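Presented below is the structure to which this report refers.
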Amino acid sequence: MKVVYTDAHRQHNPPFEIYDDVKVPYAETAARAEVIIATIREQQIGPIVSPRDHALRYIEAIHLPEYVRSLRRHSQQLDTNGVLYPSYFMSDTYAPVTPGTFAAARAAVDAALTGADLLLHEEAAVYSLCRPPGHHAAHHSMGGYCYFNNAAIAANYLSAHGRVAILDIDYHHGNGTQDAFYDRADVLYVSLHADPATAYPYGSGFAHETGRGKGRGFTVNVPLPKTTNDADYLRVLRTALGYIKKFAPEYLIVSAGFDTFIDDPIGGLRLTHHAYSSIGKAIAGLSLPTMIIQEGGYNVSHLGSIVGDFLKQFQG
Ligand code: Q9C
Ligand code: ZN
């Protein structure tokens, strides 16, 4: 499978996030992408290609142009070590702006769109190693380590060519992605995540949120207890894959977060490292043209190997 990656993400390196009024070290580190790409090289998972530039209009199809401009301007105006929390366009204290943020976030979108182009050119499976992640970024707000919604932008781009299903397996509900397609029947959003009653992003991802208007029935939320183990998860995943099968999309996008891992410092269901090859195998079993987009996953000592286990299921 082809892997889309650039080291442009390195210029986005916030020193801290604010948690309960206290500055704590930033969990969404450059080291995450570094260990993943190192594993991909070691295990020869794919030819690695660089993203190609895409026009801003694809970002602006999902995000308010003023929001995009403001992120660019703030990034440009900051001094070398500046960190900004621009309150108006921010949904929480987990997505600060630094001088390199706009460029890195835009490169992540380019990685997602380049992956989409590869699918359009008949590639069966592609992995876009996006950093920063995207699924919490909404129409005009950054939050939860996310600035531009890579998966939503790619899904909207692909939707011009056929129906798209998004399967979100990050520990956290992808509130930004859900919002982007809540009214639409041509993009199915299915998410498995920790119960938002007790997990970030708290306000959304409950089972009763199923879409609106024409989009009713095209959003599926499956909140999970934090005690969910490998067997529980695979059972629920198979049901979720059944909805996708029934929708019969042209393309599948997987918002792939690995913070469901039992020893994740931010999230953590009770999934062991064995789970990720089984999850990959079950999803690959749909035999759909599939783009995997990197979202969360913060245990840097295990991240490379669990992402590798997952990706290997999509080879050949
Ligand atoms: N200090 C993604 O996985 N909460 N975002 C952190 C712990 C924010 C996660 C609180 C979690 C955001 C893409
Ligand atoms: Zn997450």
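Note that this is a predicted model, so its numbers are computed, not measured. Just so you know, ligand 1 is whichever comes first in the structure, and atom 1 is the first atom listed for that ligand. Below, all heavy atoms of this structure are taken into account, side chains as well, without hydrogens, waters or symmetry copies.
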If the cut-off is 4.0 Å to any non-hydrogen atom of [X], which atoms of ligand 1 fall inside it?
X      : result
Glu17  : 1 (N), 6 (C)
His172 : 2 (C), 3 (O), 9 (C), 11 (C)
Asp259 : 3 (O)
His135 : 13 (C)
Tyr94  : 4 (N), 6 (C), 8 (C), 10 (C)
Gly296 : 3 (O)
Gly144 : 2 (C), 5 (N), 9 (C), 12 (C), 13 (C)

Checklist entry - Are any of the side-chain nitrogens in Glu123 or Lys2 under 4.0 Å away from the carboxylate oxygens of its partner? => result yes
Residue [X] excluded, over 12 heavy atoms near [atom1] under 6.0 Å:
X      : atom1 : answer
Tyr19  : OH    : no
Arg52  : CZ    : no
Tyr243 : OH    : no

Next on the checklist: Ignoring hydrogens, what is the shortest heavy-atom contact between Cys130 and Ala111? Give both atom names and the distance.
Outcome noted: SG-CB, 4.2 Å
Checklist entry - What do the steps show when you test Tyr171 against His193 for ring-ring contact (aromatic ring centres under 6.0 Å, His included), and what is the final call? => result CA-CA 5 Å; Tyr171 172 89; His193 48 263; 9.2 Å; no
Next on the checklist: As a test of reading the structure, name the N/O/S atom of His172 that is nearest the Zn ion (ligand 2).
Outcome noted: ND1
Checklist entry - So which of the N, O or S atoms of Asp170 lies nearest the Zn ion (ligand 2)? => result OD1
Checklist entry - Are Tyr94 and Glu28 close enough that a side-chain donor and a side-chain acceptor fall under 3.5 Å? => result no
Item to check | Side-chain donor or acceptor of Asn150 paired with backbone N/O of Ser128 under 3.5 Å | outcome: no
Checklist entry - Just heavy atoms, cut-off under 4.0 Å: does Tyr298 contact ligand 1 by side chain, backbone, both, or neither? => result side chain
Item to check | Near-ring test Tyr189/Phe218, centroid separation under 6.0 angstrom | outcome: no
Next on the checklist: Please determine whether Asp259 has a backbone or side-chain N, O or S atom lying under 2.8 Å from the Zn ion (ligand 2).
Outcome noted: yes
Checklist entry - Quick check: does His136 put an N/O/S atom under 2.8 Å from the Zn ion (ligand 2)? => result no
Item to check | Ile266 N/O under 3.5 Å from ligand 1 N/O | outcome: no
